[in-house]
Amino acid sequence: AQSVTQLDSQVPVFEEAPVELRCNYSSSVSVYLFWYVQYPNQGLQLLLKYLSGSTLVKGINGFEAEFNKSQTSFHLRKPSVHISDTAEYFCAVSVAPGGSNYKLTFGKGTLLTVNP
Amino acid sequence: DSGVTQTPKHLITATGQRVTLRCSPRSGDLSVYWYQQSLDQGLQFLIHYYNGEERAKGNILERFSAQQFPDLHSELNLSSLELGDSALYFCASSVEWGFTEAFFGQGTRLTVV
């Protein structure tokens with residue numbers, strides 16, 4: 001079974017500061033990794049995903065994440081945040097092809113609050 | 001707009017009642033996933049259907065059931081509702097079996113009173 005740990009439940013930052021949201025996963029098989037964002041009273045929107053290839057993946061809204069297999073991490077970063085980035089961010093993992101039970105397992109979420 | 005449509009957006013009902021939540025996946029998507037989001041449990045996987053067949057079950061209570069119809073829309077049925085069933089229920093769809101690209105609906109907020 002897979003599991004995801006988001007190390008920070010809340011991250012407050014000031015506008016234009018850099019931010020890193022941390023995510024570690026556990027799995028005995030190859031995985032796909034995702035970051036989703038949930039704005040207040042909305043559904044989840046895919047920010048970026050790692051399936052294979054380059055370990056640095058770029059997503060929407062200036063976010064990027066780096067897959068580190070040895071540390072089983074997939075941290076999300078943005079060099080300069082805006083007020084509009086205030087939202088809940090979820091890291092998620094699914095089994096890569098060849099496995100079974102293709103559910104998406106989510107972390108508990110990190111609430112990013114960007115202050116002026 | 002993700003292309004996944006969930007109805008209704010809000011639902012308030014009494015304990016002991018039964019409700020049906022509906023999900024229309026994106027055009028061409030064969031997989032439908034249901035998730036429950038609550039403050040204490042976070043996002044919990046409930047069930048996965050692929051092209052009309054159940055493929056995986058998660059933490060879905062026996063009081064809950066789902067199905068995917070030939071036109072690929074899906075319904076989640078919740079019965080004998082309890083206060084603890086109050087949550088946001090999400091549907092997601094993807095074109096294939098695996099989760100390489102999944103799109104979430106806006107969710108149905110269920111309040112049991």
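Chain A is the first sequence line, chain B the second, and so forth, proteins listed ahead of strands; every chain is numbered from 1.
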_Under 4.5 Å between side-chain heavy atoms, counting indirect links through other Ile/Leu/Val/Met/Phe/Trp/Tyr residues: same cluster for B:L72 and B:F69 or not?_
no
*Working to the nearest 0.5 Å, report the span between CG of A:L46 and OG of B:S2.*
11.0 Å
*Nearest-0.5 Å distance that lies between atom CG in A:N41 and atom CZ in B:R109*: 6.5 Å
*Considering only heavy atoms, which portion of A:Q45 lies under 4.5 Å from any heavy atom of chain B: side chain, backbone, both, or neither?*
neither
_From A:L44 atom CG to B:F103 atom CZ, the distance as rounded to the nearest 0.5 Å_ = 13.0 Å
*B:L88-A:F90 co-clustered via ILVMFWY side chain contacts under 4.5 Å*: yes
*Are side-chain heavy atoms of A:T105 and B:L43 found at a separation under 4.5 Å?*
no
*Decide whether B:L78 and B:L46 are clustered together by the hydrophobic rule: side chain heavy atoms of Ile, Leu, Val, Met, Phe, Trp, Tyr closer than 4.5 Å, transitively.*
yes
*Could you look at B:D1 and say if it's the side chain, the backbone, both or neither that has a heavy atom under 4.5 Å from chain A?*
neither
_Would a single hydrophobic cluster contain both A:I60 and A:V37, if residues Ile, Leu, Val, Met, Phe, Trp and Tyr are joined by side-chain heavy-atom contacts under 4.5 Å?_
yes
*With a 4.5 angstrom heavy-atom cut-off, which part of B:Q6 approaches chain A: side chain, backbone, both or neither?*
neither
*asked:* Contact between A:F106 and B:F45 at the side-chain level, heavy atoms closer than 4.5 Å - yes or no?
replied: no
*Does B:F104 offer a backbone N or O that forms a donor-acceptor pair with the side chain of A:Y36 under 3.5 Å?*
no
*What heavy-atom pair brings A:Q42 and B:F90 nearest, and what distance separates the two atoms?*
O-CZ, 4.0 Å
_Hydrophobic cluster membership, B:L81 vs B:I12, 4.5 Å side-chain cutoff_ = no
